[in-house]
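Single-structure report; data block below.
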Amino acid sequence: MPWSVAYLPQVSTGPQVGPIEAILWAGSALLGIAFVVGQRFVSPLSDSEGPIPILAPSEWDLWWPVVIGVLAATAVTAILVGVRGRWTTGLIHVTVALNLALAVPVLWLLGSGRALNPAFTDSLGPAVADLGWDMGATPGDALTAVLIVLVSVSLVWELASAAAQSHRVRLKKIDNEWKDENR
């Protein structure tokens with residue numbers, strides 16, 4: 001019996017996304033929304049007026065609602081990817097756009113000193129004094145620097161992941177086209 005392309009094993013239709021992965025991804029976006037909203041009412045620091053919000057209250061006019069909207073769109077995208085069960089080029093592009101739409105404003109707000117509530121960062125000094133804080137930077141500046149690094153690393157990680165997914169989708173498409181031509 002002569003060899004045929006039909007003898008090749010069937011390959012999946014693209015990089016698979018399981019329901020657990022999609023649920024965790026959507027859940028993390030929803031936790032982000034819960035943090036942005038909830039930090040106004042629950043905070044590790046408080047004063048005579050109650051909890052001190054972590055995020056700058058002045059940015060509720062525009063930026064925090066934008067962040068909530070992007071996180072909500074991320075949760076919807078996660079559900080779409082989970083329902084579809086695999087990545088597509090379009091979903092990868094949407095994910096990259098959402099990652100940039102979240103990270104770029106947050107990095108800008110952090111870098112310009114507008115992301116964190118000044119009352120919160122000012123209260124960090126006395127809160128960590130008992131820990132023997134003896135660094136050149138204030139605790140608020142250190143927190144800002146750590147957040148900039150975390151957001152930047154997360155963005156690079158997500159963009160690299162999207163590039164890898166895009167490459168896999170492209171390879172699968174080429175593989176399917178080759179098989180169709182040689183059947």
Side-chain angles (χ1 to χ4, degrees), residues 4-40 54-56 58-116 143-183:
S4 165
V5 174
Y7 292 129
L8 291 173
Q10 292 296 318
V11 182
S12 67
T13 57
Q16 300 296 306
V17 178
I20 301 293
E21 182 181 355
I23 290 168
L24 290 174
W25 181 19
S28 67
L30 295 175
L31 281 175
I33 293 171
F35 168 76
V36 172
V37 173
Q39 57 81 37
R40 294 169 39 175
I54 298 168
L55 300 176
S58 61
E59 300 306 327
W60 276 102
D61 292 343
L62 174 65
W63 290 113
W64 301 138
V66 167
V67 166
I68 290 170
V70 171
L71 288 170
T74 299
V76 170
T77 303
I79 293 166
L80 290 174
V81 171
V83 166
R84 187 161 185 111
R86 65 184 180 91
W87 284 100
T88 64
T89 303
L91 288 170
I92 292 169
H93 291 159
V94 168
T95 300
V96 167
L98 289 171
N99 285 328
L100 290 170
L102 180 63
V104 170
V106 168
L107 287 170
W108 176 72
L109 288 168
L110 285 166
S112 64
R114 295 173 55 186
L116 299 177
L143 176 60
T144 299
V146 166
L147 291 173
I148 287 172
V149 169
L150 288 175
V151 171
S152 299
V153 168
S154 176
L155 176 62
V156 169
W157 180 271
E158 290 298 326
L159 293 178
S161 175
Q165 294 295 356
S166 180
H167 180 68
R168 288 186 198 113
V169 167
R170 193 171 20 258
L171 286 178
K172 180 59 189 159
K173 186 175 180 181
I174 291 169
D175 182 53
N176 286 340
E177 288 171 358
W178 185 85
K179 285 182 180 179
D180 288 344
E181 290 173 4
N182 293 296
R183 286 188 187 204

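One-based numbering along the sequence shown.
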Legend entry - Euclidean distance, S28 OG relative to I23 CD1, rounded to 0.5 Å: 12.0 Å

Legend entry - For the student: nearest non-hydrogen atoms of I33 and I68, plus distance: CD1-O, 3.9 Å

Inset, instruction - Check whether any side-chain heavy atom of W63 sits under 4.5 Å from a side-chain heavy atom of L55, and report yes or no. - result: no

Inset, instruction - Using a 4.5 Å cut-off on heavy atoms from C-beta on, say whether the side chain of P105 contacts that of V67. - result: no

Legend entry - 4.5 Å side-chain heavy-atom contact, T74 and L102: no

Inset, instruction - Return the minimal non-hydrogen interatomic distance between A22 and A78, and the atom names on each side. - result: CB-O, 3.5 Å

Legend entry - Nearest heavy atoms of R84 and T88, plus distance in Å: NE-CG2, 3.0 Å

Inset, instruction - Please confirm whether R40 makes a cation-pi placement over W60, using NZ or CZ under 6.0 Å from the six-membered ring centre and within 45° of the ring normal. - result: yes

Legend entry - Nearest-0.5 Å distance that lies between atom CG in L100 and atom CG in L155: 5.5 Å

Inset, instruction - Not counting sequence neighbours, list each pair that qualifies as a side chain to side chain donor-acceptor pair (under 3.5 Å) and has a residue in residues 92-102. - result: none

Inset, instruction - Using a 4.5 Å cut-off on heavy atoms from C-beta on, say whether the side chain of W25 contacts that of V17. - result: no

Inset, instruction - Can you establish whether the number of heavy atoms outside L62 located under 6.0 Å from its atom CG is more than 12? - result: yes

Legend entry - Minimal non-hydrogen separation, A26 against I79, with atom names: CB-CG1, 4.2 Å

Inset, instruction - Over all heavy atoms of both residues, which pair between L107 and I148 is shortest? Give the atoms and the distance, please. - result: CD2-O, 3.7 Å

Legend entry - Residue list, ring pair (Phe, Tyr, Trp, His ring centres under 6.0 Å) with W157, at least two apart or on another chain: none

Legend entry - Donor-acceptor under 3.5 Å (S154 side chain, L150 main chain): no

Inset, instruction - Can you measure from CG (L109) to CG (L116) and round to the nearest 0.5 angstrom? - result: 9.5 Å

Legend entry - Distance in Å, I92 CD1 paired with H167 NE2, rounded so as to fall on 0.5 Å steps: 11.5 Å

Legend entry - Side chains of L80 and V94 in contact at under 4.5 Å (non-hydrogen atoms): no

Legend entry - Listed partners of R114 passing side-chain hydrogen bond (donor to acceptor under 3.5 Å, both in side chains), at least two apart: E59

Legend entry - Any donor-acceptor N/O pair, W87 side chain to A162 backbone, under 3.5 Å: no

